[in-house]
Novice: 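Can you read through this structure? Questions will come right after.
All heavy atoms count here, side chains included; hydrogens, waters and symmetry mates do not.
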Amino acid sequence: MCRQPSTLELSPDEQLAAEETFKLYCKPVELCNVIQKRALDNPAFLQRCLHYMIQASRKKRIQLTVSLSRGTNTDHNIFPLYVLLATPTSDSIPLEGHSPIYRFSRACLLTSFTEFASKDHNKATFTIPDVKNIATSRACNLSIILIRCDSEGQVGENNCSGDHVEASALRKLEGKCFWGKIPINLLGSSLENCVTLNLGHTVELASTVTMNPSFLEPKFLEQDSCLTFCSHKVDATGSYQLQVGISVQEAGARDMSESPYNSYSYSDVPPSSLPHIIRLRAGNVIFNFKYYNNTMQKTEVTEDFACAFCLVKCGSYKGLGCHLNSTHDLFHFEFWISEECQAVNVSLKADAWKMELVGKGVDPRHQTFSYCSRLKMRRRRSLATVENISPVHPHIMDSVSPEDAQAGSSKDEFVQREDDNNSVAPDSAEHDHSLNGSNLTPPTVLEFGKTRKLSAERSDPRK
């Protein structure tokens, strides 16, 4: 924190009131510290799963393009050349005369030099993690493997989609071959001090690969494509040197020109301090905390797009805005970016700091909090139960003659009391009787005992 020079002349009481206003920023910071400490053992969510974190990680990836130049390679018998990005398996123990078992997910085919622009298969492109993560991640074991097979084991161009070779066609590569590799960690050490790569420029590297004679043994373990090389089955003489050109560029370098902050000119920066200045500017954000009715301000600078409240690294300036608006909604944020700096103006929300309405003299901590959750499964079961219940149709009793009706008046009164639970109106009964025409079977006349039994069953709530 650093206090900005203020033109206001405050009395001691006003200064005390201003400091009390600024303390409102400290309470959320204390809460974030408690939540962050609990999240170490039981995180509510993973930062790497957030959408803006995924986008930021993709922009930091490195794109490698492998090609061959005719001017540096005098041997014309180097094609077809297969280029693979592979890593040794963790459970493989290399035997004497054998290389480790390499697992690869993508293979490319080169059939011409880069000078022949009309040819399709003259470059092989791969994507690797960020340069900063190469030494600490599994990418440190990655290697670019070059393979030149004899004419008997060549894969036709019909088995290629662009520069990508189908995995099923690689089984034909078994046999005598020449192979060499370029470790990725060597490239990472060369790119760490490369300033132009962080500015979105393309870096050209050259590497000399020794192609050794060997015997290729493809091994397909379930769905993983694996291969190994054996030097005992061939003559160990006859190796040659191959000059390989590698073009390196950040995968998200095109998006960097959209921000005015990345168009900053480094003409007045000394070359010795240029890498440090670029890394410092890449993720620094200025937070301006306004308080005392927005008349005073304090400033804090964070690195790596970190939040000033909870120190969470958000990956990008856009991700920082998503994090602040979704997590720290007690404050109002204004984002502005220029060629000189990228900043966030923070102010207090007046409505967010109002106390909850509670009874006079009642401690909110002693109040009972009730929560009721209706499970969707229970509601689905209840709906399914209602749908499975078949509808109950009323049974209509017809009197054959007036004498029978008069004789059974006492019975009808009892039946009426029993049937009142079914709520069948006389009008509806006459309407149902009129629907039964001469072509339809007349309704069955129920006896007193059966009617009574049926009515008792209807009144049972379990039915």
Novice: Hey, what do you get for SG (Cys322) to NE2 (His51), rounding to the nearest 0.5 Å?
Specialist: 8.5 Å
Novice: Are Val344 and Glu334 packed together at the side-chain level, in the sense that at least one heavy-atom pair is separated by less than 4.5 angstrom?
Specialist: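 No, too far: nothing below the 4.5 Å cut-off.
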Novice: Looking at every heavy atom in both Leu216 and Cys177, which two are closest together, and how far apart are they?
Specialist: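 Closest heavy-atom pair between Leu216 and Cys177: CB-SG, 3.8 Å.
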Novice: List the atom of Asn141, the atom of Pro88, and the distance in Å for their closest heavy-atom pair.
Specialist: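 Heavy atoms of Asn141 and Pro88 come nearest at O-CD, 3.3 Å.
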Novice: Return yes if some donor-acceptor pair links the side-chain N/O of Ser99 with the main-chain N/O of Phe229 below 3.5 Å, else return no.
Specialist: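 Looks like yes, one N/O pair under 3.5 Å.
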Novice: Do Lys298 and Phe22 form a cation-pi contact, if we require the NZ or CZ to be under 6.0 Å from the six-membered ring centre and within 45 degrees of the ring's axis?
Specialist: yes
Novice: I want to know whether Phe331 and Phe309 have ring centres closer than 6.0 Å.
Specialist: yes
Novice: Could you go step by step and tell me if Met296 and Leu10 meet the side-chain contact (heavy atoms from CB on, under 4.5 Å) rule?
Specialist: CA-CA 11 Å; Met296 302 185 68; Leu10 303 178; 3.6 Å; yes
Novice: Checking Arg106 against Phe126: charged group under 6.0 Å from the ring centre and within 45 degrees of the axis?
Specialist: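 Yes, Arg106 lies over the aromatic ring of Phe126.
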Novice: Determine the minimum heavy-atom distance between Cys307 and Leu324, stating which atoms define it.
Specialist: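 Here Cys307 and Leu324 meet closest at SG-CD2, 3.7 Å.
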Novice: Taking the six-membered ring for Trp, are Tyr240 and Phe178 ring centroids under 6.0 Å apart?
Specialist: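 Here the rings of Phe178 and Tyr240 have centres that are less than 6.0 Å from each other.
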Novice: Nearest heavy-atom pair of Phe289 and Ala308: which atoms, and what distance?
Specialist: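 That closest heavy-atom pairing would be CZ-CB, 3.8 Å.
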Novice: Which pair of non-hydrogen atoms, one from Phe104 and one from Ala86, has the smallest distance, and what is that distance?
Specialist: CB-CB, 3.9 Å
Novice: OG/Ser67 to NZ/Lys123 distance, rounded to the nearest 0.5 angstrom?
Specialist: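 So the gap between those two atoms works out to 6.5 Å.
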Novice: Could you check whether any side-chain N or O of Asp304 sits under 3.5 Å from a backbone N or O of Gly283, counting only pairs where one atom can act as donor and the other as acceptor?
Specialist: no
Novice: Given side chains that start at C-beta, do those of Leu68 and Leu81 come closer than 4.5 Å, heavy atoms only?
Specialist: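 Yes. Closest side-chain heavy atoms under 4.5 Å.
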Novice: Flag the pair Ile144 / Ile184 as yes when at least one side-chain heavy-atom distance between them is below 4.5 Å, and no otherwise.
Specialist: yes
Novice: Do Lys349 side-chain atoms and Asp329 backbone N/O form a donor-acceptor pair below 3.5 Å?
Specialist: yes
Novice: Is there a donor-acceptor pair under 3.5 Å between the side chain of Glu30 and the backbone N or O of Lys27?
Specialist: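 A pair under 3.5 Å: no.
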Novice: Decide side-chain contact (heavy atoms from CB on, under 4.5 Å) for Gln342 and Trp336; before the verdict, give the C-alpha distance in whole Å, the side-chain angles of both, and the deciding distance to 0.1 Å.
Specialist: CA-CA 6 Å; Gln342 46 192 0; Trp336 59 279; over 6 Å; no
Novice: Donor-acceptor pair, Thr21 side chain versus Ala17 backbone, under 3.5 Å?
Specialist: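 Checked: pair present.
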Novice: Determine whether Gln241 and Thr208 satisfy the following criterion, side chain to side chain donor-acceptor pair (under 3.5 Å), listing intermediate values before the conclusion.
Specialist: CA-CA 7 Å; Gln241 301 291 329; Thr208 302; 5.4 Å; no
Novice: Measure the spacing between OG1 of Thr87 and CD1 of Ile145 and express it to the nearest 0.5 Å.
Specialist: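 Result: 9.0 Å between the selected atoms.
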Novice: Treating Glu217 as the side-chain partner and Cys230 as the backbone partner, does any N or O pair qualify as donor plus acceptor under 3.5 Å?
Specialist: no
Novice: Do Asn122 and Ser112 meet the criterion of a side-chain donor-acceptor pair at a distance under 3.5 Å?
Specialist: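 Short answer, no.
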Novice: Rounded to the nearest 0.5 Å, what separates atom CD in Glu204 from atom CD1 in Ile246?
Specialist: 10.0 Å
Novice: Any ion pair linking Lys23 and Glu20 (charged N to carboxylate O, less than 4.0 Å)?
Specialist: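 Here Glu20 pairs with Lys23 in a salt bridge, since their nearest N and O are under 4.0 Å apart.
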Novice: Apply the test side-chain contact (heavy atoms from CB on, under 4.5 Å) to residues Leu146 and Leu242: give CA-CA distance (whole Å), side-chain angles for both, the deciding distance (0.1 Å), then the verdict.
Specialist: CA-CA 10 Å; Leu146 309 175; Leu242 190 64; 4.1 Å; yes
Novice: Asn288 versus Val346: any side-chain heavy-atom pair under 4.5 Å?
Specialist: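 No. Closest side-chain heavy atoms not under 4.5 Å.
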Novice: Tyr261 ring centre to Arg281 NZ or CZ under 6.0 Å, with the angle to the axis within 45°?
Specialist: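 Arg281 over Tyr261 ring: yes.
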Novice: Over all heavy atoms of both residues, which pair between Phe79 and Arg148 is shortest? Give the atoms and the distance, please.
Specialist: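 The pair with the smallest heavy-atom distance is N-CD, 4.1 Å.
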Novice: For the pair Lys181 and Val209, evaluate side-chain contact (heavy atoms from CB on, under 4.5 Å) and give the outcome as yes or no after the intermediate values.
Specialist: CA-CA 7 Å; Lys181 68 176 182 178; Val209 183; over 6 Å; no
Novice: If I take atom CD1 from residue Ile78 and atom CG from residue Leu110, how far apart are they, to the nearest 0.5 angstrom?
Specialist: 9.0 Å
Novice: Are Tyr266 and Tyr264 close enough that their ring centres sit under 6.0 Å apart?
Specialist: yes
Novice: Under a 4.5 Å cut-off applied to non-hydrogen side-chain atoms, are Phe287 and Thr302 in contact?
Specialist: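 With C-beta onward as the side chain, the pair touches.
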